[in-house]
Amino acid sequence: MISLVLSVAPMATFCILALLFYQWKKRIEGRLTERVFGTVIRNRAYKARENYGRVSLIEYTLEGKTYQKEFQVNQLIYFRKIPIGQKKGLPVGTTTELRYNPQNREQIISTVDDQFGKKFMIGIFVFLAILSAILPVLILLDRVGFLR
């Protein structure tokens with residue numbers, strides 16, 4: 001019984017931490033009530049450890065003042081309405097929608113990247129829920145000797 005609890009504890013801890021992160025992100029996104037459109041000025045590639053990435057410099061105007069900010073924007077690649085991957089960056093000159101918090105204009109996100117996060121998190125939670133439901137049963141069957 002102790003081994004069962006020890007085998008499920010790391011997965012449960014990860015699920016709780018992922019849920020807390022997701023709720024924190026949703027709380028911030030709930031404050032992003034205003035919309036503005038920006039234009040991609042340029043793209044820049046970078047390397048972080050072993051991974052390469054791309055950020056887009058987007059120019060937008062709020063209340064007559066022009067701002068420029070770099071966003072890591074990932075476009076989804078679809079196959080029959082199912083997201084199967086992502087392209088990094090947007091072509092120069094592309095107009096994109098941004099959402100921001102009117103009380104704190106530093107909190108601004110690109111809506112292009114937003115939908116991938118929702119579907120990805122739902123997929124992770126479903127996968128971990130199925131795994132955490134099946135793992136104890138497999139351990140119990142192994143202890144009983146059914147899987148040998």
Which atoms form the tightest heavy-atom contact between [X] and [Y], and what is the distance?
X	Y	answer
Thr96	Ser110	OG1-OG, 3.6 Å
Ser56	Val40	CB-CG1, 4.1 Å
Val92	Ile41	CG1-O, 3.3 Å
Tyr60	Phe37	CB-O, 3.9 Å
Glu106	Lys69	O-NZ, 3.4 Å
Phe71	Ile108	CE2-O, 3.6 Å

Any residue meeting salt bridge (charged side-chain N to carboxylate O under 4.0 Å, His left out) with [X], in chain and number order, not counting sequence neighbours:
X	value
Glu59	none
Glu97	Arg35
Glu63	Arg105

Worksheet item: Side-chain contact, heavy-atom cut-off 4.5 Å: Gln107 with Asn104?
Response: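 Yes, close enough: below the 4.5 Å cut-off.
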Worksheet item: With a 4.5 Å heavy-atom cut-off, do Leu98 and Ile109 have their side chains touching?
Response: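 Of all side-chain heavy-atom pairs linking Ile109 with Leu98, none is under 4.5 Å.
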Worksheet item: Thinking salt bridges, do Arg99 and Glu34 make one under a 4.0 Å N-O criterion?
Response: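 Salt bridge between Arg99 and Glu34, a charged N being under 4.0 Å from a carboxylate O: no.
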Practice prompt. Output, in order, the C-alpha distance, side-chain angles, deciding distance and verdict of side chain to side chain contact (heavy atoms under 4.5 Å, CB included) for Arg31 and Gln103.
Written response: CA-CA 9 Å; Arg31 296 178 185 154; Gln103 280 79 32; over 6 Å; no
Practice prompt. Using the side chain to side chain contact (heavy atoms under 4.5 Å, CB included) rule, take Thr61 and Tyr67 through it: C-alpha gap first, then chi angles, then the decisive distance, then the call.
Written response: CA-CA 6 Å; Thr61 304; Tyr67 298 91; over 6 Å; no
Fill in: Worked verdict on Leu57 versus Asn43 for side chain to side chain contact (heavy atoms under 4.5 Å, CB included)
CA-CA 6 Å; Leu57 180 66; Asn43 292 306; over 6 Å; no
